[in-house]
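Written below as structure tokens is the structure these notes are about.
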Amino acid sequence: MEDLSFQQTVDRVLVHRHAVNEVFLTDLVPIDRDTCVIGAQLPLSHPYFLDQHAPAARYDALLLTECCRQAGTYVAHTQYGVARDWVFLAAATSIELERTDVLEVGDSPGELTLEVHSLPSFRGGRLRSVRTRLDLSIAGERIGVMEGEGRYLDREEYGLLRQGGRGGQVPLSSALGVEPAGVPVAPRLVERRDPRNVLLADAHGTTDGVAARLWVSGRHATIFDHPLDHYPAMALLEAAAQATTLAVRLDGASAARTDAADVRITGLAADYVRFAEVDADVDITATITERPPAAGHGPVAANVVFRQQGAVLTEIVVSAELHATDRTPARPAVAA
């Protein structure tokens with residue numbers, strides 16, 4: 001769309017971010033009451049979203065999901081008049097990438113276009129819930145689709161909801177430790193380089209996958225861009241992706257076990273049942289449901305379940321592809 005601008009980012013408050021460098025949206029062009037097109041500039045580097053073990057960095061499902069999260073929030077505030085201090089509670093999200101071959105980071109920032117279709121529900125003249133479909137494209141190439149649904153609460157309603165299931169003050173993420181509690185997973189096993197971005201600890205193999213415990217530093221600059229009273233959906237999605245990657249890497253039938261393949265996440269479908277509280281362990285089990293063909297490359301899938309004190313928090317179906325890769329280090333340049 002010619003009118004869509006990628007010149008500057010939108011107001012950070014309207015995408016629920018504190019740091020400007022965590023804002024990716026740049027513009028919104030309305031089409032009709034419930035349809036608009038949004039632009040987002042994808043970064044050339046990012047300490048979290050582009051911290052990848054693969055030789056060539058790629059825009060992945062988690063970064064694109066974050067862009068979609070920001071888009072849904074921005075639409076609610078700018079198109080439907082939701083107050084800035086209201087809270088969005090995700091009920092379900094799903095993203096499916098149809099192409100990964102066009103997602104490699106290039107020489108200039110990527111320009112993501114999101115065509116947003118909303119189905120809002122109002123009560124008392126105020127937006128209370130919404131279902132959204134976002135069609136994604138980069139440089140005119142369609143790359144996938146995301147769908148989501150959830151509801152909006154004002155601050156008083158949210159406070160009553162959070163107090164309803166607990167006694168006393170609800171703790172914040174800022175109370176979490178900075179150093180890993182338990183034994184963290186090696187970064188390369190979950191396609192990371194920086195250990196601060198590994199969200200799994202005390203992992204071990206199971207008959208059909210892996211089990212682990214969620215761990216996130218209370219000072220993580222992206223996941224906890226500002227203090228929260230629960231682990232956000234984006235953290236659970238990342239942990240599910242990492243658990244799936246780890247399960248595939250530990251699977252004896254997988255080429256990824258020997259670093260001969262990259263694990264690229266192509267789909268994440270989640271239903272959120274309960275809050276993931278920050279003051280109790282969150283247990284994760286990933287079960288492989290689809291293995292690659294005998295050649296060792298191709299589609300894989302896993303079902304990832306999050307539990308806290310025995311209760312299911314969310315179930316996430318993860319789809320991925322194994323791609324052959326050459327991890328031979330590049331030869332250093334020699335001055336003539």
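Quick caveat: nothing in here was measured; it's all calculated off a predicted structure. Reckoned from all heavy atoms, side chains included, excluding hydrogens, waters and symmetry mates.
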message: Please evaluate residues Q70 and I38 with respect to the criterion side-chain contact (heavy atoms from CB on, under 4.5 Å), reporting the C-alpha separation (whole Å), side-chain torsions for both, the decisive distance (0.1 Å), and the verdict.
response: CA-CA 10 Å; Q70 292 188 15; I38 291 178; over 6 Å; no
- prompt: Checking side-chain contact (heavy atoms from CB on, under 4.5 Å) for the pair N21/T9: CA distance, chi angles, key distance, verdict?
  reply: CA-CA 9 Å; N21 68 300; T9 54; over 6 Å; no
message: Could you go through T222 and E22, starting from their C-alpha distance and side-chain angles, then the distance that decides it, and tell me whether this counts as side-chain hydrogen bond (donor to acceptor under 3.5 Å, both in side chains)?
response: CA-CA 7 Å; T222 296; E22 298 292 343; 2.9 Å; yes
task: Could you walk me through whether Q308 and R274 pass side-chain contact (heavy atoms from CB on, under 4.5 Å), step by step?
output: CA-CA 9 Å; Q308 193 165 53; R274 294 178 175 84; over 6 Å; no
query: So L200 and L189, side-chain contact (heavy atoms from CB on, under 4.5 Å) or not? Walk me through it.
result: CA-CA 11 Å; L200 306 181; L189 294 178; over 6 Å; no
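The minimum heavy-atom distance between S5 and T26, with the atom names listed, is O-OG1, 2.8 Å. The two residues S118 and V75 have their closest heavy-atom pair at OG-CG1, 4.1 Å. Pairing each heavy atom of V300 with each of E321, the nearest pair is CG2-N, 4.5 Å. The shortest heavy-atom contact between C68 and L136 is SG-CD2, 3.7 Å. Heavy atoms only, all atoms of each residue included: Y152 and A76 are closest at OH-CB, 3.0 Å. Minimum heavy-atom separation, P55 to D262: CD-OD2, 4.0 Å.
The backbone N or O of V170 sits nowhere less than 3.5 Å from a side-chain atom of D229 that would complete a donor-acceptor pair. Checking side-chain atoms of D225 against main-chain N and O of A19 turns up a donor-acceptor pair under 3.5 Å. In this structure a side-chain-to-backbone donor-acceptor pair under 3.5 Å is missing from D34 to L119. Side-chain N or O atoms of R69 include one that pairs as donor or acceptor with a backbone N or O of V15 at under 3.5 Å. Checking side-chain atoms of T314 against main-chain N and O of D271 turns up a donor-acceptor pair under 3.5 Å. No donor-acceptor pair closer than 3.5 Å links the side chain of Q309 to the backbone N or O of A280. Listed for the H53 side chain is no donor-acceptor partner under 3.5 Å among the backbone atoms of R193. Of the possible donor and acceptor atoms, none in the side chain of R249 sits under 3.5 Å from a partner among the backbone N and O of V190. Judged by distance alone, with hydrogens and angles left aside, the side-chain atoms of Y59 form no donor-acceptor pair with the main-chain N or O of L50 at under 3.5 Å.
Taking the ring centroids of H16 and F88, they lie at or beyond the 6.0 Å cut-off.
Placement of Y74 and V13 in two distinct hydrophobic clusters is found when ILVMFWY residues are connected by side-chain heavy-atom separations under 4.5 Å, directly or transitively. Under the 4.5 Å side-chain heavy-atom criterion for Ile, Leu, Val, Met, Phe, Trp and Tyr, V102 and L64 are members of the same hydrophobic cluster. The cluster map of Ile, Leu, Val, Met, Phe, Trp and Tyr, joined by side-chain heavy atoms under 4.5 Å apart, puts L112 and L103 in the same cluster. In the hydrophobic clustering of this structure, L176 groups with L214; members are Ile, Leu, Val, Met, Phe, Trp, Tyr whose side-chain heavy atoms approach within less than 4.5 Å, directly or through other members. At a threshold of 4.5 Å between side-chain heavy atoms, the hydrophobic network of Ile, Leu, Val, Met, Phe, Trp and Tyr places V273 and F275 in two separate groups.
We find the CD-NE2 distance between E238 and H220 to be 8.0 Å, quoted to the nearest 0.5 Å. If you take OH on Y48 and CG on L62, they are separated by 5.5 Å, rounding to the nearest 0.5 Å. How far CZ of F6 is from OG of S108: 11.5 Å, rounded to the nearest 0.5 Å. One distance of note links CG of L268 with OG1 of T244; it measures 8.0 Å at 0.5 Å rounding. For the atom pair CH2 of W215 and CG of D281, the computed distance is 13.0 Å after rounding to the nearest 0.5 Å. Taken to the nearest 0.5 Å, the OG atom of S137 stands 7.0 Å off from the CD1 atom of I143.
S217 is not listed as a side-chain neighbour of R196, based on a closest heavy-atom distance of 4.5 Å or more. Looking only at side-chain heavy atoms (C-beta outward), L153 and R128 come within less than 4.5 Å of each other. At least one side-chain heavy atom of V210 sits under 4.5 Å from a side-chain heavy atom of L250. At a threshold of 4.5 Å between non-hydrogen side-chain atoms, the residues L97 and R264 do not count as touching. For the pair D135 and H117, the minimum side-chain heavy-atom distance is below 4.5 Å. Side-chain contact between V145 and R133: present, with at least one pair of heavy atoms (C-beta onward) separated by less than 4.5 Å. Side chains of V216 and S173 form no contact here, defined as non-hydrogen atoms less than 4.5 Å apart. Contact annotation: the side chain of L161 never approaches that of E157 to less than 4.5 Å [non-hydrogen atoms, C-beta and beyond].
The environment of R58 atom CZ is dense: over 12 non-hydrogen atoms of other residues, nucleotides or ligands sit within 6.0 angstrom. Under a cut-off of 6.0 angstrom, the local environment of CZ in R213 is crowded, with over 12 non-hydrogen atoms contributed by other residues, nucleotides or ligands. Taking a 6.0 Å sphere around CZ of R219, one finds it holds 12 or fewer heavy atoms contributed by other residues, nucleotides or ligands.
Within the cation-pi definition used here (under 6.0 Å to the ring centroid, within 45° of the axis), R126 does not qualify as a partner of Y80.
Residues forming a side chain to side chain contact (heavy atoms under 4.5 Å, CB included) with A91 (at least two apart in sequence, or on another chain): E149.
Between D11 and R84 there is a salt bridge, with a side-chain nitrogen of the basic residue lying less than 4.0 Å from a carboxylate oxygen of the acidic one.
A tilted orientation is assigned to the rings of Y231 and F224, their planes being inclined by 30° to 60°.
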